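So the structure is just underneath, and the comments pick up after that.
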There are 2 protein chains.
Amino acid sequence: MGDTLEVETAPQCQAVNDILARVGDKWTVRVVMSLAEGSSRFNELRGIIPAISQRMLTRTLRNLERDGLVTRTVTPTVPPRVDYALTPLGQSLVGPVAQLGNWALANIAEVERSRRRFDAEGPGV
Amino acid sequence: MGDTLEVETAPQCQAVNDILARVGDKWTVRVVMSLAEGSSRFNELRGIIPAISQRMLTRTLRNLERDGLVTRTVTPTVPPRVDYALTPLGQSLVGPVAQLGNWALANIAEVERSRRRFDAEGPGV
DNA sequence: CCGTATCCACGACGATACTG
DNA sequence: CAGTATCGTCGTGGATACGG
């Protein structure tokens, strides 16, 4: 009982859920984790996360910038150079997200076993 | 380098992201948090989370059951009675989720300030 | 009481093509 | 290099009505 959780009674539930949804979207965690190891340029990130489309990388980074989790630094050369980096706020998110990520890694096997069991017995019963 | 995060190199990224997406959906966290305080019947949960529709509560609970995070106990009386409770696996998820929830609570103000700033300066520049 | 079925709106996401 | 524009698909989520 060490840690209390004041999550469910506040009207801020909406706001919290909003954050959770951002973290839960398809690419945010990947991008944040990549930037946690150092700032990167746009196409560097595309190399690190090959599956992401240009469009979604742009959108994800814009959202993170809007939320104050990432800085976008434009160097107006030719060709242009843009560097992305985590803000202190963004860095403070890495720990909690990693916790959840580690939980997922540790338990994904059991979850998938459960899913197969559920899907198998469903029609039968 | 205290805590390592083996999140981004594994092929399990897909699976992890899958878990994150489930946690990030609109109702899962609310339901899990409610059940963390004790098992509940269907309409009890509707009372605790008034904004959720019948359909979405059913879907959310089914997903949680499929993932092995929640048990569904049917008492075949008339009218029927159904109790939902967290499994040990589900309970083990409460801690990490609460961590992230607390981060969100602690930082939502700064995030929203950042959002307003971003939205204000966007068109101007 | 506890669902399922149906319909619909909306936003996330992907592919492709184009620009400064 | 680092985007924006456009189009299309898909899944989520809400409202409503019906069934066991």
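Residue numbers begin at 1 in each chain, while the letters A, B, ... track the order of the sequences. Everything numeric here is computed off the predicted structure, so don't read it as measured data.
Between dC1(D) and Tyr84(A), no contact under 4.0 Å exists linking OP1 or OP2 to a side-chain N or O.
Distance Gln54(B) CD to dG13(D) P: 17 Å, rounded to the nearest Å. Asn63(A) places its CG atom 8 Å from the P atom of dA12(C), with the value rounded to the nearest Å. dC13(C) atom P lies 9 Å from atom CD1 of Ile52(A), rounded to whole Å. Put simply, CZ on Arg62(B) is 12 Å from P on dC2(C), counting in whole angstrom units. A straight line from CZ of Arg46(A) to C1' of dG14(C) spans 12 Å, rounded to a whole angstrom. Here the P atom of nucleotide dT4(C) and the CZ atom of Phe42(B) are 8 Å apart, to the nearest Å. Spacing between atom CG of Leu57(A) and atom P of dC13(C) amounts to 13 Å, rounded to whole angstrom units. If you measure from atom CG of Leu45(A) to atom P of dA2(D), you get 9 Å, rounded to the nearest angstrom.
Of the residues Thr60(A), Leu100(A), Val97(A), the one that meets the side chain to side chain contact (heavy atoms under 4.5 Å, CB included) test with Val29(A) is Val97(A).
Position along DNA chain C of the nearest nucleotide to Arg81(B) versus Thr60(A) favours Arg81(B) as the more 5'-ward residue.
When all heavy atoms of Leu57(B) and Phe42(B) are compared, the pair lying nearest together is CD2-O, 3.7 Å. Considering all non-hydrogen atoms of both residues, Arg46(A) and Ile52(A) come closest at NH2-O, 4.1 Å. Annotation for Leu93(B) and Pro96(B): closest pair O-CD, 3.4 Å, computed over non-hydrogen atoms.
Here Asp18(A) pairs with Arg115(B) in a salt bridge; the nearest charged N to carboxylate O distance falls below 4.0 Å.
The side chain of Arg55(B) sits closest to dG13(D) out of dG13(D), dG3(C), dA2(D). Nearest to the side-chain atoms of Met56(B) among the listed nucleotides dG13(D), dC1(C), dA17(D) stands dG13(D). For Arg59(A), counting side-chain heavy atoms from C-beta on, the closest listed nucleotide (dA12(C), dA15(C), dG3(C)) is dA12(C). Which of dC1(D), dG3(D), dC2(C) sits closest to the side chain of Pro80(B) comes down to dC2(C).
Within residues 18-28 of chain B, the residues having any heavy atom under 4.0 Å from DNA chain D are, by residue number, Asp25(B), Lys26(B), Trp27(B).
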Please report the C-alpha distance between Arg81(A) and Asp83(A) in whole Å, then the side-chain angles of each, then the deciding distance to 0.1 Å, and finally whether the salt bridge (charged side-chain N to carboxylate O under 4.0 Å, His left out) criterion is met. CA-CA 7 Å; Arg81(A) 174 194 178 99; Asp83(A) 287 280; 2.9 Å; yes

Using the rule given for side-chain contact (heavy atoms from CB on, under 4.5 Å), can you reason through Leu86(A) versus Thr71(A), listing the C-alpha separation, both sets of side-chain angles and the distance that settles it, and then say yes or no? CA-CA 6 Å; Leu86(A) 290 185; Thr71(A) 57; over 6 Å; no

